[in-house]
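Below: the structure, in structure tokens.
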2 protein chains.
Amino acid sequence: MTPVKAPPAFVAPIENVPLRVQVANSLRSAILSGRLRPGTQLVETALAEQMNVSRAPIREAIQILENDGLVETIAYKGKRVKPLTAREVAETYSLREVFEVMAARRILETGAPLDALHAQCAAMADAAEADDYDALTVADKAFHHALIRLADHDLLQASWQNLYLRIHQIMALRNRDEQNLHDIASNHPPIVAALEKRDADRAIALISEHTRTLAAFDPASFVNDLQPDDP
Amino acid sequence: MTPVKAPPAFVAPIENVPLRVQVANSLRSAILSGRLRPGTQLVETALAEQMNVSRAPIREAIQILENDGLVETIAYKGKRVKPLTAREVAETYSLREVFEVMAARRILETGAPLDALHAQCAAMADAAEADDYDALTVADKAFHHALIRLADHDLLQASWQNLYLRIHQIMALRNRDEQNLHDIASNHPPIVAALEKRDADRAIALISEHTRTLAAFDPASFVNDLQPDDP
DNA sequence: ATGTTGTGGTCTGTCGACAATCCATGGCGT
DNA sequence: ACGCCATGGATTGTCGACAGACCACAACAT
């Protein structure tokens with residue numbers, strides 16, 4: 001049986017993306033790219049008017065971002081892009097370290113193939129050579145995403161992805177001029193090599209060190225460590 | 001200055017709890033206690049009528065639960081209590097293990113006092129002696145919560161708490177008769193002892209073992225590993 | 001029989017309006 | 001000057017109604 005009702009697929013299926021998701025995506029990318037800086041107020045009526053939708057989808061979209069940890073609500077007062085404290089940044093990176101170490105452990109246990117990691121290392125080297133910061137960022141994210149994916153752990157992946165949203169935001173707010181692209185790129189191949197050799201201790205140590213290096217970088221320039229509100 | 005406007009606090013502050021939060025709490029406790037079993041459909045209109053509120057707060061409440069990972073939405077079809085797969089249960093416990101090991105590491109680094117842990121160990125022993133399953137559950141949660149809190153890491157705590165929601169649900173769905181209260185209670189004091197002695201390896205090993213024991217317990221009785229929907 | 005096409009019911013998705021709350025500002029009495 | 005209450009504007013919280021999408025079932029044609 002199973003009478004192949006639908007052959008390969010000649011046309012793309014039309015997706016029905018709810019407004020709240022479109023709104024959420026739009027706002028999220030604005031936050032992650034740094035166009036909406038931490039502390040910025042998000043006013044429902046204003047956004048609703050700007051985007052030509054009613055307030056309901058806006059509210060639900062903002063709630064989605066709240067669960068992403070990018071927005072916070074103060075009852076009857078307003079919603080705003082969550083300010084980043086130095087402590088939060090540090091905690092974010094330390095948790096990321098734990099996630100990636102866990103991924104490495106699982107990869108070593110299952111012996112998953114590391115092709116994807118090699119590929120991204122190459123991509124990062126190319127980006128560093130071309131002095132292309134954006135490409136490097138993309139490849140870096142792809143590398144770590146691949147690392148997590150190889151761990152074959154959906155919950156870990158979801159948690160990591162959620163965490164990485166903030167990493168993304170932090171990176172966008174950093175001063176990119178101060179970063180050495182070649183340093184970043186060269187950090188990764190040794191990790192893959194250690195995994196390849198099944199040297200757990202070394203792989204873990206490298207990942208920890210790599211994460212801590214990133215965390216230590218320029219911790220103060222974009223952070224708002226002030227009263228609940230402001231200037 | 002700082003003219004102490006509000007002395008200690010004689011009466012509880014009047015909190016304005018939004019309906020969505022009340023609804024979310026109500027539904028959450030129903031899910032966590034097992035009264036709403038995985039797979040149960042949540043119909044907005046029905047809930048709205050039952051609780052005498054409009055659909056908007058219900059929708060937002062359900063979204064909160066969705067971010068808690070307790071509910072899932074299928075567009076234009078319905079929302080339902082997320083079914084638990086064996087894989088999810090295993091992943092949940094393995095992530096919890098990583099969280100608690102991280103907490104132990106941090107506690108050992110900072111040398112935080114362990115009073116709270118001792119207290120909960122005692123509470124668990126009492127509960128086991130009195131054959132009081134509910135009290136044991138409470139004390140067990142309090143123990144692990146204290147462990148996480150001592151790590152002094154807000155993000156870790158938030159992640160752990162979110163994860164523990166599912167643990168709570170899983171425990172509620174288990175067959176409590178099959179569990180030996182004394183075994184559970186006796187698992188914890190050695191962990192505290194190892195922490196006290198600053199024996200990192202042993203503490204971590206004990207925590208891992210403890211978590212894995214729980215995870216291995218009765219993995220099939222309440223799980224729905226079936227097609228996307230149905231009976 | 002088998003496949004197709006309506007059709008009705010049951011949900012969720014979206015909207016616009018109204019109510020509740022909070023905050024800042026300014027008037028008023030002392 | 002100082003403190004207190006009223007008032008107004010801004011923003012979120014809640015509501016009820018309508019529109020859109022999907023599913024199941026039945027009627028029909030082949």
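Note on naming: letters A, B, ... go to the chains in the order of the sequence lines (proteins, then strands), and numbering restarts at 1 for each one. No experiment lies behind these values; they were computed from the predicted model shown.
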Taking side-chain hydrogen bond (donor to acceptor under 3.5 Å, both in side chains) as the test, write out the residues that go with [X], two or more places apart.
X	value
B/Arg105	none
A/Ser26	none
B/Glu100	B/Arg96, B/His144, B/Trp160

Five-pair end axes of the helix from C/dA1-D/dT30 to C/dT30-D/dA1, angle between them (10°):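 Nearest ten degrees gives 10° for this helix.
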
Integer-rounded Å distance: D/dG13 C1' and B/Met51 CE: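 Nearest whole value for this atom pair: 18 Å.
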
Indicate for each nucleotide in nucleotides 10-25 of chain C, in 5' to 3' sequence, whether protein heavy atoms under 4.0 Å reach the base (B), only the sugar-phosphate (S), or nothing (-). -SBBBB-B---SSS--

Neighbour count >12 (heavy atoms, 6.0 Å) for atom CD, A/Gln22: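 Enclosed.
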
Which heavy atom of B/Asp68 sits nearest to which heavy atom of B/Arg166, and what is that distance?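 Closest heavy-atom pair between B/Asp68 and B/Arg166: O-NE, 4.3 Å.
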
Residue pair A/Ser159 / B/Asn162, side-chain heavy-atom distance below 4.5 Å: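 Heavy-atom side-chain distance check fails, nothing below 4.5 Å.
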
Salt bridge (charged side-chain N to carboxylate O under 4.0 Å, His left out) partners of residues 17-26 of chain A, not counting sequence neighbours, each pair once: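 Found A/Arg20-A/Glu60.
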
With no hydrogens and no angle check, do the side chains of A/Thr85 and A/Arg87 hold a donor and an acceptor under 3.5 Å apart?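 Not at all, the side chains of A/Thr85 and A/Arg87 share no donor-acceptor pair under 3.5 Å.
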
